[in-house]
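Each residue takes its place number in the sequence, starting with 1. Because the structure is predicted, anything quoted here is derived from the model rather than measured. Ligands are counted one by one from 1 in listed order, and the atoms in each one are counted from 1 as well.
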Amino acid sequence: MADCIFCKIAVKEIPADLIYEDENLVAFNDINPQAPVHFLVVPKKHIVNLLELGPADAGLLAQVHRVIVSLARKRGIADAGFRVVINTKENGGQTVPHLHFHVLGGRFMDWPPG
Ligand code: AMP
Ligand code: ZN
């Protein structure tokens, strides 16, 4: 996707505070953190949102979750716990139309969110 900010981060056209990268995924700190630890795990493939996932993405999704757990441990939020959020379309509050997983920790996460 030519104009997608997360695609551009994935190919290093735009800088980001990268904390992880492999063949399929990047992870970077959110530019507007909502918690002491707030990073995004982002498939390099341009998938607009959850609704666009197909059966071929099963392995990718499993990998996303492994990487989330590994980074949560590394960032020191696994013991106390953390929250994973996938905002989807307008009512979900999605502002960047490229699937991403927010990982938030380092403070108590209220429920329900606002
Ligand atoms: P969402 O509202 O779920 O689409 O989340 C998009 C997130 O991306 C927001 O939390 C933004 O702060 C974050 N964001 C947008 N641009 C950047 C960027 N260049 N680097 C890091 N995070 C970004
Ligand atoms: Zn994209």
Side-chain angles (χ1 to χ4, degrees):
M1 259 289 272
D3 241 8
C4 172
I5 185 168
F6 287 176
C7 280
K8 286 181 177 170
I9 287 174
V11 299
K12 316 285 168 55
E13 244 181 73
I14 292 180
D17 191 7
L18 275 192
I19 58 171
Y20 177 83
E21 179 171 21
D22 66 29
E23 195 187 336
N24 303 311
L25 304 175
V26 286
F28 48 90
N29 288 316
D30 197 292
I31 206 167
N32 182 23
Q34 303 301 313
V37 175
H38 182 181
F39 60 87
L40 304 174
V41 176
V42 183
K44 288 184 173 177
K45 177 180 170 187
H46 183 79
I47 301 167
V48 173
N49 59 40
L50 268 187
L51 298 160
E52 303 297 316
L53 280 171
D57 299 310
L60 177 68
L61 275 187
Q63 195 197 354
V64 164
H65 287 86
R66 284 196 299 272
V67 166
I68 286 172
V69 167
S70 158
L71 290 174
R73 290 201 171 106
K74 207 163 171 176
R75 297 295 294 274
I77 58 172
D79 284 349
F82 57 93
R83 179 169 292 172
V84 179
V85 175
I86 310 167
N87 296 326
T88 304
K89 296 180 76 175
E90 289 83 0
N91 277 359
Q94 184 176 13
T95 58
V96 177
H98 178 133
L99 179 65
H100 52 280
F101 298 72
H102 294 260
V103 182
L104 301 124
R107 68 167 170 84
F108 179 74
M109 298 291 155
D110 221 352
W111 187 263

Hey, what polar pairs (N/O, under 3.5 Å) does ligand 1 make with protein?
unit_1: ligand 1; atom_1: 2 (O); unit_2: G93; atom_2: O; d: 3.0
unit_1: ligand 1; atom_1: 2 (O); unit_2: T95; atom_2: N; d: 3.3
unit_1: ligand 1; atom_1: 2 (O); unit_2: T95; atom_2: OG1; d: 2.9
unit_1: ligand 1; atom_1: 3 (O); unit_2: N87; atom_2: ND2; d: 2.8
unit_1: ligand 1; atom_1: 3 (O); unit_2: H100; atom_2: NE2; d: 2.9
unit_1: ligand 1; atom_1: 3 (O); unit_2: H102; atom_2: NE2; d: 2.8
unit_1: ligand 1; atom_1: 4 (O); unit_2: T95; atom_2: N; d: 2.7
unit_1: ligand 1; atom_1: 4 (O); unit_2: T95; atom_2: OG1; d: 3.2
unit_1: ligand 1; atom_1: 4 (O); unit_2: V96; atom_2: N; d: 2.9
unit_1: ligand 1; atom_1: 4 (O); unit_2: H100; atom_2: NE2; d: 3.0
unit_1: ligand 1; atom_1: 5 (O); unit_2: H100; atom_2: NE2; d: 3.0
unit_1: ligand 1; atom_1: 5 (O); unit_2: H102; atom_2: NE2; d: 3.2
unit_1: ligand 1; atom_1: 10 (O); unit_2: D30; atom_2: OD1; d: 3.2
unit_1: ligand 1; atom_1: 10 (O); unit_2: D30; atom_2: OD2; d: 2.5
unit_1: ligand 1; atom_1: 12 (O); unit_2: D30; atom_2: OD1; d: 2.5
unit_1: ligand 1; atom_1: 22 (N); unit_2: I31; atom_2: N; d: 3.1

Using atom types as modelled and distance alone, determine if a side-chain donor or acceptor of Q63 lies under 3.5 Å from a backbone N or O of P43.
no

Hydrophobic cluster membership, with links at side-chain heavy-atom distances under 4.5 Å among I/L/V/M/F/W/Y: are V85 and V103 in one?
no

Is a side-chain N or O of R107 found less than 3.5 angstrom from the main chain of Q34, in a donor-acceptor match?
yes

Taking the basic N atoms (NZ, or NE/NH1/NH2) and the acidic carboxylate oxygens, is any pair closer than 4.0 Å for K44 and E23?
no

Backbone N or O of V37 within a donor-acceptor pair of the R75 side chain at under 3.5 Å?
no

Would you say the side chain of V48 lies within less than 4.5 Å of the side chain of H46, judging by non-hydrogen atoms?
yes

Backbone of H100 reached by a side-chain donor or acceptor of H102 within 3.5 Å
no

Only one of L50, I86, N87 passes side chain to side chain contact (heavy atoms under 4.5 Å, CB included) with Q94; say which it is.
N87

Under 2.8 Å from the Zn ion (ligand 2), which protein atoms of type N, O or S occur, listed by chain and number?
C4 SG, C7 SG, H46 ND1, H98 ND1

Are M109 and I68 in one and the same hydrophobic cluster, where Ile, Leu, Val, Met, Phe, Trp and Tyr link if side-chain heavy atoms are under 4.5 Å apart?
no

